[in-house]
Amino acid sequence: GPKVLQIPSHQIIDMGQMVTLNCDPVSNHLYFYWYKQILGQQMEFLVNFYNGKVMEKSKLFKDQFSVERPDGSYFTLKIQPTALEDSAVYFCASSLYSQNTLYFGAGTRLSVL
Amino acid sequence: DAKTTQPDSMESTEGETVHLPCSHATISGNEYIYWYRQVPLQGPEYVTHGLQQNTTNSMAFLAIASDRKSSTLILPHVSLRDAAVYHCILRVANYGNEKITFGAGTKLTIKP
């Protein structure tokens, strides 16, 4: 099926630093999503993004989080500053239209020390 | 999105056909039934989806009850690679509600 690529697969940073997680969505897709999964727990929705704007965000999407997709390149999730509780696997997803199937990447494991 | 109910876990043996049930008694007329599966250290993988009619693809057969209050994902001749957590998710089929919400799903274990 369609592939969503996430870079890097694992990132280790010190608490308080900034981190940017990169997502290369399916080429013609228009809607983009970030999910968070703590080890052993359920996937949790963070945010979705369309036409340069955040459409919906959850309570987990703290003020320290931001998303953007400059000039149709990577869809990014930036955390500044990071906290210990941000340690998790972050999954990116994309879909062609809002009601179409979401395709997920393999995730970026973020370890905040 | 309306709630779904799935068993926490199921077990099968290689080569068998597995029936994964999902209950969605309060489903709305405009909600699709989606199935995803996730193995450890990987992202969720789309399996199939349907609205009212049964559907089939290379991965699975989705049987939807006539009243749409339940569905069953049927995996023929399972292999060890089919071991995963299977999520049954309802998704509104119109604009303005794009996200999907995951529950705990059913953990399917396959024995050799």
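In what follows, every heavy atom counts, from backbone to side chain, and hydrogens, waters and symmetry copies are set aside. By convention in this document, chain letters (A, B, ...) are assigned in the order of the sequence lines, proteins followed by strands, and residues within each chain are numbered from 1.
Atom CZ of A:Arg69 has more than 12 heavy atoms from other residues, nucleotides or ligands within 6.0 Å. Heavy-atom neighbours of A:Phe49 CZ from other residues, nucleotides or ligands within 6.0 Å: above the threshold of 12. Other residues, nucleotides and ligands contribute only 12 or fewer heavy atoms inside 6.0 Å of the CG atom of B:Asp8. Enclosure of atom NE2 in A:His10 by more than 12 non-hydrogen atoms of other residues, nucleotides or ligands within 6.0 angstrom is indicated.
B:Tyr46 and A:Val4 fall within a single hydrophobic cluster, where Ile, Leu, Val, Met, Phe, Trp and Tyr side chains are chained together by heavy-atom contacts under 4.5 Å. Linking ILVMFWY side-chain heavy atoms closer than 4.5 Å, directly or via other members, places A:Tyr31 and B:Ile100 in a single hydrophobic cluster. Side-chain heavy atoms closer than 4.5 Å link hydrophobic residues (I, L, V, M, F, W, Y) into clusters, and following such links, even through other members, never connects A:Val67 to A:Tyr35. B:Val85 and B:Leu73 are not part of a single hydrophobic cluster, where members link through side-chain heavy atoms under 4.5 Å apart. A continuous path of hydrophobic side-chain contacts links B:Leu20 to B:Leu80 [ILVMFWY only; heavy atoms under 4.5 Å].
At least one side-chain heavy atom of B:Tyr34 sits less than 4.5 Å from a side-chain heavy atom of A:Thr101. The shortest distance between side-chain heavy atoms of B:Gln38 and A:Gln37 falls below 4.5 Å.
For a heavy-atom cut-off of 4.5 Å, chain B lies close to no residue in residues 76-86 of chain A. Applying a 4.5 Å heavy-atom cutoff, the residues of residues 102-111 of chain B that approach chain A are B:Phe102, B:Gly103, B:Ala104.
Across all non-hydrogen atoms, the minimal contact from B:Pro44 to A:Phe91 is CD-CD2, 4.4 Å.
Ranked by heavy-atom pairs shorter than 4.5 Å toward chain B, the options A:Gln41, A:Gln6, A:Arg109, A:Gln42 are led by A:Gln42.
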